[in-house]
Amino acid sequence: VQLQAFGGGLVQAGGSLRLSCAASVRTFSRYAMGWFRQAPGKEREFVTSISWRSGSTYYGDSVKGRFTISRDNAKNTVYLQMNSLKPEDTAVYYCVARLSSLNYYNNYDVPETYDYWGQGTQVTVSS
């Protein structure tokens, strides 16, 4: 599985960005997808995840109410709509994927449970 993220860039505080992640896999609908981020000098942080059939979505506390994850299984793509961006959202954002399993619902926010990682896309929010 190869993941390629698009849409990062520079935006002012309060603005919006939409990230996309295209997956090269034949059975995209069997994978849970998500986003993590990492800022310089900080640990990786869970941002959001969506189950394989979009039945469940999860968000980190710092982005709840501002970010929305969605997926289009026909296009093998997952999206991250980021609104009301803050300078503290500045980070490299990584698209991730893992095969569906019942364990997903217990550890969707654990980075080690994701088997596939994209190359990352930089998001910079200026104050």
Side-chain angles (χ1 to χ4, degrees):
V1 178
Q2 291 186 329
L3 304 172
Q4 189 164 11
F6 305 90
L10 174 64
V11 64
Q12 288 188 334
S16 298
L17 277 177
R18 188 194 197 202
L19 304 184
S20 302
C21 175
S24 61
V25 62
R26 295 176 65 180
T27 54
F28 180 72
S29 61
R30 295 179 58 190
Y31 289 80
M33 303 295 296
W35 296 88
F36 284 79
R37 68 186 182 185
Q38 188 165 22
K42 295 187 177 181
E43 295 185 352
R44 277 181 303 185
E45 178 186 9
F46 170 73
V47 177
T48 181
S49 184
I50 186 168
S51 62
W52 42 97
R53 294 183 178 177
S54 305
S56 300
T57 56
Y58 304 94
Y59 297 92
D61 289 341
S62 62
V63 306
K64 282 181 182 177
R66 300 187 297 121
F67 290 13
T68 302
I69 189 170
S70 61
R71 65 188 293 162
D72 185 337
N73 286 345
K75 295 182 178 180
N76 283 19
T77 301
V78 63
Y79 304 97
L80 178 61
Q81 179 66 44
M82 304 185 293
N83 298 329
S84 302
L85 283 161
K86 304 175 181 179
E88 50 264 45
D89 294 319
T90 295
V92 177
Y93 284 69
Y94 296 92
C95 176
V96 297
R98 58 185 280 185
L99 275 171
S100 60
S101 73
L102 291 178
N103 286 337
Y104 167 77
Y105 298 103
N106 296 322
N107 55 25
Y108 55 82
D109 57 348
V110 178
E112 289 77 11
T113 65
Y114 289 85
D115 300 309
Y116 306 100
W117 289 69
Q119 84 284 5
T121 184
Q122 176 71 44
V123 172
T124 302
V125 184
S126 63
S127 58

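Excluded from the calculations below are hydrogen atoms, water molecules and symmetry mates; all remaining heavy atoms, backbone and side chain alike, are included.
A heavy-atom distance below 4.5 Å is not found between the side chains of Phe6 and Thr121. In this structure, the side chains of Arg44 and Tyr94 stay at 4.5 Å or more apart for every pair of heavy atoms. Taking 4.5 Å as the limit, every side-chain heavy atom of Arg66 sits out of range of all side-chain heavy atoms of Tyr59. Side-chain contact between Tyr79 and Asp72 is present, with at least one heavy-atom pair separated by less than 4.5 Å. Between Gln122 and Thr90 the shortest side-chain heavy-atom distance falls below 4.5 Å. Between Glu112 and Asn107 the shortest side-chain heavy-atom distance does not fall below 4.5 Å. Side-chain contact between Thr113 and Asn103 is absent, with no heavy atoms from C-beta onward closer than 4.5 Å.
Here the closest non-hydrogen pair linking Leu3 and Ala23 is CD2-CB, 3.6 Å. Between Phe36 and Asp109, the shortest heavy-atom distance links the atoms CE2-O, 3.7 Å. Residues Met33 and Arg71 approach most closely at CG-NH1, 3.7 Å, considering heavy atoms. Across all non-hydrogen atoms, the minimal contact from Arg98 to Tyr114 is CD-CE2, 3.5 Å. Between Ser20 and Thr77, the closest heavy-atom pair is CB-CG2, 4.3 Å. Counting all heavy atoms, side chain and backbone alike, Trp52 lies closest to Ala32 at CE3-CB, 4.0 Å.
Within the 3.5 Å criterion, the main-chain N or O of Pro87 finds no donor-acceptor partner in the side chain of Ser127.
Residues Phe67 and Val92 do not share a hydrophobic cluster, defined by chaining ILVMFWY side chains whose heavy atoms lie under 4.5 Å apart. A chain of hydrophobic side-chain contacts below 4.5 Å, direct or via other Ile, Leu, Val, Met, Phe, Trp or Tyr residues, connects Tyr116 to Val78. Hydrophobic clustering of Ile, Leu, Val, Met, Phe, Trp and Tyr side chains at less than 4.5 Å, counting indirect connections, keeps Ile69 apart from Val96. Leu99 and Val1 end up in the same hydrophobic cluster when Ile, Leu, Val, Met, Phe, Trp and Tyr side chains are linked at under 4.5 Å.
No side-chain donor-acceptor contact under 3.5 Å links Ser56 and Tyr104.
For the side-chain contact (heavy atoms from CB on, under 4.5 Å) test, residues two or more places apart in sequence or in another chain that qualify with Thr27 are Val25, Arg30, Tyr31. With sequence neighbours excluded, no residue forms a side-chain hydrogen bond (donor to acceptor under 3.5 Å, both in side chains) with Asn76. Every ring-ring contact (aromatic ring centres under 6.0 Å, His included) that Tyr108 has, sequence neighbours left out, goes to Phe46, Tyr58. In terms of the side-chain hydrogen bond (donor to acceptor under 3.5 Å, both in side chains) criterion, residue partners of Arg37 (sequence neighbours excluded) are, by chain and number, Glu45, Ser62, Asp89, Tyr93.
Going from atom CE of Met82 over to atom OG1 of Thr68 covers 11.0 Å, rounded to the nearest 0.5 Å.
Residue pairs meeting the side chain to side chain donor-acceptor pair (under 3.5 Å) criterion with at least one member in residues 7-16, sequence neighbours excluded, are Ser16-Asn83. Here disulfide (SG to SG under 2.5 Å) pairs that include residues 50-127, with residues two or more places apart or in two chains, are Cys21-Cys95.
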Tell me, with the steps shown, if Trp35 and Leu80 meet side-chain contact (heavy atoms from CB on, under 4.5 Å). CA-CA 8 Å; Trp35 296 88; Leu80 178 61; 3.6 Å; yes

